[in-house]
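Down below is the structure, laid out as structure tokens.
Indexing begins at 1, ligand by ligand and atom by atom, following the structure's order. All values below were derived from every heavy atom in this structure, side-chain atoms included, with hydrogens, water molecules and symmetry-related copies excluded.
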Amino acid sequence: MLTKIDHIGIAVKSIEDVLSFYEDILGLEMEGTEIVEDQKVKVAFLPIGESEIELLESTDPEGPISKYIEKKGEGIQHIAFRVKNIEKALETLKEKGVKLIDEQPRYGAGKAKIAFLHPKSTNGILIELCERD
Ligand SMILES: C[C@@H](C(=O)O)C(=O)SCCNC(=O)CCNC(=O)[C@H](O)C(C)(C)COP(=O)(O)OP(=O)(O)OC[C@H]1O[C@@H](n2cnc3c(N)ncnc32)[C@H](O)[C@@H]1OP(=O)(O)O
Ligand SMILES: [Co+2]
């Protein structure tokens, strides 16, 4: 069902402030940024091998990234697995008793179809499913 790690989502207070660490020190390159209104975030993607690092900066104090940083500080906020058919994956996981945050997919960065699984039913990790072309 899962085909690869699509990206790792990292909550940061400011993309601008951390970018030189990822680019100048780690040697990654930012592909671009995008605002995803639905998730109240600004996203920067840095490809690494077949996956990407997703830097997430909040655009709203009530958004999930603001809340996460408030409670836990900056750091890894979610891991995203690529799936071929997200509707089917959600149905299968629901049947197996996994608590879904999103019963139906939403649109994420790069127009991917995304959906989150609740950390309470995944041993404490926020998991995103992601289908893209
Ligand atoms: C742009 C897009 C893309 O890739 O295209 C993205 O990634 S957008 C990425 C940002 N979007 C999202 O995260 C959307 C999905 N997230 C959500 O719906 C929310 O953030 C929840 C995960 C439901 C958490 O909501 P909220 O903070 O209001 O709930 P809460 O504080 O009561 O948390 C419930 C329990 O989950 C834990 N918890 C909260 N956030 C967590 C996280 N990121 N990883 C692991 N555990 C987490 C809390 O510590 C708490 O556990 P205890 O009860 O033990 O204390
Ligand atoms: Co993500």
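- The N, O or S atom of Glu128 lying closest to the Co ion (ligand 2) is OE1.
- Between the Lys113 side chain and the Cys130 main chain, no donor and acceptor come within less than 3.5 Å of each other.
- Taking hydrophobic clusters as Ile, Leu, Val, Met, Phe, Trp and Tyr residues chained together by side-chain heavy-atom distances below 4.5 Å, Ile8 shares a cluster with Leu2.
- Look at Asp6 and the Co ion (ligand 2): no N/O/S atom of the residue is under 2.8 Å from the metal.
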Report task. Decide yes or no on side chain to side chain contact (heavy atoms under 4.5 Å, CB included) for Ile127 and Ile79, but give the supporting numbers first. Result -> CA-CA 5 Å; Ile127 291 179; Ile79 178 162; 4.2 Å; yes
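- Note that CG of Leu46 and CD of Glu29 are 9.0 Å apart. Values are rounded to the nearest 0.5 Å.
- Ion pairing of Lys94 with Glu103 is present here, as a side-chain N (NZ or NE/NH1/NH2) and a carboxylate O approach within less than 4.0 Å.
- Taking the Co ion (ligand 2) as reference, Glu54 places its N/O/S atom OE1 nearest.
- Side-chain contact check for His7 and Glu54: at least one donor-acceptor pair (N or O, by modelled atom type) lies under 3.5 Å.
- Atom CD1 of residue Ile125 and atom NE2 of residue His78 lie 12.5 Å apart, to the nearest 0.5 angstrom.
- No other N/O/S atom of His7 lies as close to the Co ion (ligand 2) as NE2 does.
- Judged purely by atom type and a 3.5 angstrom limit, Glu131 uses its side chain to pair as donor or acceptor with the backbone of Ile86.
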Pairwise, report which nitrogen or oxygen atoms of ligand 1 are under 3.5 angstrom from protein nitrogen or oxygen atoms, and how far apart they are.
unit_1: ligand 1; atom_1: 4 (O); unit_2: His7; atom_2: NE2; d: 3.1
unit_1: ligand 1; atom_1: 4 (O); unit_2: Glu54; atom_2: OE1; d: 3.3
unit_1: ligand 1; atom_1: 4 (O); unit_2: Glu54; atom_2: OE2; d: 2.6
unit_1: ligand 1; atom_1: 4 (O); unit_2: Glu128; atom_2: OE1; d: 3.1
unit_1: ligand 1; atom_1: 4 (O); unit_2: Glu128; atom_2: OE2; d: 3.0
unit_1: ligand 1; atom_1: 5 (O); unit_2: Ala109; atom_2: N; d: 2.8
unit_1: ligand 1; atom_1: 7 (O); unit_2: Glu54; atom_2: OE1; d: 2.9
unit_1: ligand 1; atom_1: 7 (O); unit_2: His78; atom_2: NE2; d: 3.1
unit_1: ligand 1; atom_1: 7 (O); unit_2: Glu128; atom_2: OE1; d: 3.0
unit_1: ligand 1; atom_1: 11 (N); unit_2: Gln39; atom_2: OE1; d: 2.9
unit_1: ligand 1; atom_1: 13 (O); unit_2: Gln77; atom_2: NE2; d: 2.9
unit_1: ligand 1; atom_1: 27 (O); unit_2: Lys71; atom_2: NZ; d: 3.1
unit_1: ligand 1; atom_1: 31 (O); unit_2: Lys71; atom_2: NZ; d: 2.1
unit_1: ligand 1; atom_1: 43 (N); unit_2: Gln77; atom_2: O; d: 2.9
unit_1: ligand 1; atom_1: 49 (O); unit_2: Lys72; atom_2: NZ; d: 3.0
unit_1: ligand 1; atom_1: 51 (O); unit_2: Lys120; atom_2: NZ; d: 3.4
unit_1: ligand 1; atom_1: 53 (O); unit_2: Lys120; atom_2: NZ; d: 3.1
unit_1: ligand 1; atom_1: 54 (O); unit_2: Lys120; atom_2: NZ; d: 2.7

